[in-house]
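Because only heavy atoms are used, hydrogens play no part in the values below, and waters and symmetry mates are left out as well, while side chains stay in.
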Amino acid sequence: MALGLSLGRLGAAKQEGAKAPLVTLASLKGLALRIVPPLVVLAVFLLLWEVLCQRPGAGLPPPSRVVTEAWDIIAHPFYDNGGTDKGLFWHISASLQRVALGFTLAVVAGVLLGTLVGQSEWAMRGLDPIFQVLRTIPPLAWLPLSLAAFRDGQPSAIFVIFITSIWPIIINTAVGIRNIPQDYRNVAAVLRLNAVEFFAKVMLPSAAPYIFTGLRIGVGLSWLAIVAAEMLIGGVGIGFFIWDAWNSSHISEIIVALVYVGVIGFVLDRLVAGLGHLVTRGTATA
């Protein structure tokens with residue numbers, strides 16, 4: 001009798017699993033609502049661009065001419081003829097390497113300084129006014145100073161990324177630390193957690209949503225800063241590629257490079273947002 005009931009339940013479970021479709025109409029509708037509106041807006045934008053720039057005397061080429069004139073760099077992103085004569089892949093790769101190094105340094109320093117400012121009233125009163133002044137300095141204003149200090153373009157560009165992206169990380173981390181519930185602090189005191197344990201087990205998990213908000217802002221600023229800095233320091237990089245194309249009057253190549261810059265920036269933001277969603281178990285804004 002018990003064996004019959006078990007088999008009956010197993011059969012019912014299989015039937016329920018078979019009845020549940022992998023793709024439902026509601027999921028397809030939700031996907032369409034996310035994809036269709038941007039595609040429609042993009043199509044309308046390209047159509048208007050094509051119509052307006054087909055007129056004689058237009059300053060910008062229409063999309064059809066952009067694709068035709070820049071087809072070589074679109075179809076062959078991996079060529080390498082030595083020096084700065086490289087495909088877009090290598091320019092973007094060089095820029096991303098600089099961003100990765102500068103942003104990593106900013107994350108480490110920003111989280112530590114933000115924790116200090118958020119945890120210590122004295123540090124907040126002493127450092128916060130200085131941070132508020134320094135964060136208003138434009139990224140490129142730091143470049144001459146960094147070139148004078150390092151006397152080389154590569155570390156100067158990394159420093160510009162670091163100094164540009166660190167401020168939102170510091171500020172958001174400090175806000176997250178100050179908003180840790182007092183109950184968490186009381187439990188840590190009862191358990192007699194030392195400073196390292198309190199930082200790892202209470203501070204970071206509690207402030208993680210705030211920290212990842214700062215990281216998303218910071219990575220966007222990093223990508224913005226490196227493109228601008230590379231226009232001045234030269235060498236291999238997407239910023240130099242755009243500036244070199246301007247000097248050669250290759251407007252179509254500039255437009256293609258800007259599309260790549262926008263897509264890479266969007267991907268970086270999504271990666272940080274996805275990591276934050278995973279680490280904070282959905283409490284960070286994605």
Side-chain angles (χ1 to χ4, degrees), residues 73 77-114 130-131 133-173 211 214-248 250 253-272 275:
I73 67 169
F78 301 104
Y79 77 87
D80 187 352
N81 296 329
T84 59
D85 187 12
K86 302 177 185 291
L88 275 173
F89 172 83
W90 303 110
H91 286 284
I92 292 174
S93 176
S95 298
L96 285 174
Q97 289 176 32
R98 296 185 183 108
V99 167
L101 182 54
F103 183 65
T104 300
L105 294 174
V107 170
V108 174
V111 170
L112 293 177
L113 285 172
I130 299 174
F131 292 160
V133 172
L134 293 179
R135 74 181 184 87
T136 62
I137 299 176
L140 290 185
W142 292 101
L143 188 58
L145 190 64
S146 61
L147 285 171
F150 298 110
R151 300 185 182 277
D152 186 68
Q154 181 78 356
S156 299
I158 293 171
F159 174 78
V160 169
I161 295 168
F162 169 82
I163 204 69
T164 301
S165 58
I166 192 172
W167 309 120
I169 300 174
I170 292 175
I171 294 171
N172 282 274
T173 301
I211 293 173
L215 295 184
R216 288 184 65 183
I217 299 172
V219 76
L221 292 176
S222 297
W223 188 235
L224 181 151
I226 191 57
V227 172
E230 286 173 346
M231 291 183 179
L232 299 179
I233 65 172
V236 179
I238 190 63
F240 169 77
F241 178 89
I242 293 173
W243 190 247
D244 186 59
W246 164 251
N247 290 329
S248 303
H250 295 160
E253 293 185 2
I254 295 175
I255 294 173
V256 172
L258 290 179
V259 172
Y260 276 95
V261 168
V263 171
I264 295 298
F266 175 77
V267 171
L268 290 175
D269 177 79
R270 290 291 88 196
L271 286 175
V272 175
L275 180 62

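Here the straight-line distance linking atom CG of L113 with atom CD1 of I166 works out to 5.5 Å at 0.5 Å rounding. Atom CZ of F89 sits about 11.0 Å away from atom CG of D80, to the nearest 0.5 Å. The CD1 atom of I169 sits 11.0 Å away from atom CG of L112, with the distance rounded to the nearest 0.5 Å. Note that the CD1 atom of I161 and the CH2 atom of W223 stand 9.0 Å from one another [nearest 0.5 Å]. The line from CG of N247 to CE of M231 is 10.5 Å long, rounded to the nearest 0.5 Å. Taking CZ from F241 and CG from D85, the interatomic distance works out to 10.0 Å, rounded to the nearest 0.5 Å.
Residues F240 and I233 fail the side-chain proximity criterion, which asks for heavy atoms closer than 4.5 Å. Looking only at side-chain heavy atoms (C-beta outward), W246 and I254 come within less than 4.5 Å of each other. With a 4.5 Å cut-off on side-chain heavy atoms, S146 and V160 count as touching. Inter-residue side-chain proximity for I92 and I264 is flagged as met; some heavy-atom pair is nearer than 4.5 Å. Between I171 and R135 the shortest side-chain heavy-atom distance falls below 4.5 Å. Side-chain atoms of L88 and V256, non-hydrogen and from C-beta on, do get closer than 4.5 Å to each other. I242 has its side chain out of reach of Y260: every pair of non-hydrogen atoms, C-beta onward, lies at least 4.5 Å apart.
Around the CZ atom of F266, the shell of radius 6.0 Å holds no more than 12 heavy atoms that belong to other residues, nucleotides or ligands. Heavy-atom contacts from other residues, nucleotides or ligands closer than 6.0 Å to CH2 of W90 number 12 or fewer.
Across all their heavy atoms, I226 and A157 have their closest contact at CD1-CB, 3.8 Å. Of all non-hydrogen atoms in I238 and A257, the two that sit nearest each other are CD1-CB, 4.0 Å. Shown here for G237 and R98, the closest heavy-atom pair between the two residues is CA-NH1, 4.0 Å. For the pair H91 and V236, the tightest heavy-atom approach, listed with the atom from each and the gap, is ND1-CG1, 3.7 Å. Heavy atoms only, all atoms of each residue included: G114 and T173 are closest at C-CG2, 3.8 Å.
Judged purely by atom type and a 3.5 angstrom limit, N172 uses its side chain to pair as donor or acceptor with the backbone of P168. Remark: side-chain polar atoms of W167 are paired, donor with acceptor, to backbone N or O of I163 under 3.5 angstrom. Remark: side-chain polar atoms of S156 are not paired, donor with acceptor, to backbone N or O of L143 under 3.5 angstrom. Using modelled atom types, no side-chain atom of S165 and backbone atom of A106 make a donor-acceptor pair closer than 3.5 Å.
Ring-plane geometry between F150 and F159 is classed as tilted, the angle between the planes lying from 30 to 60 degrees on a 0 to 90 degree scale.
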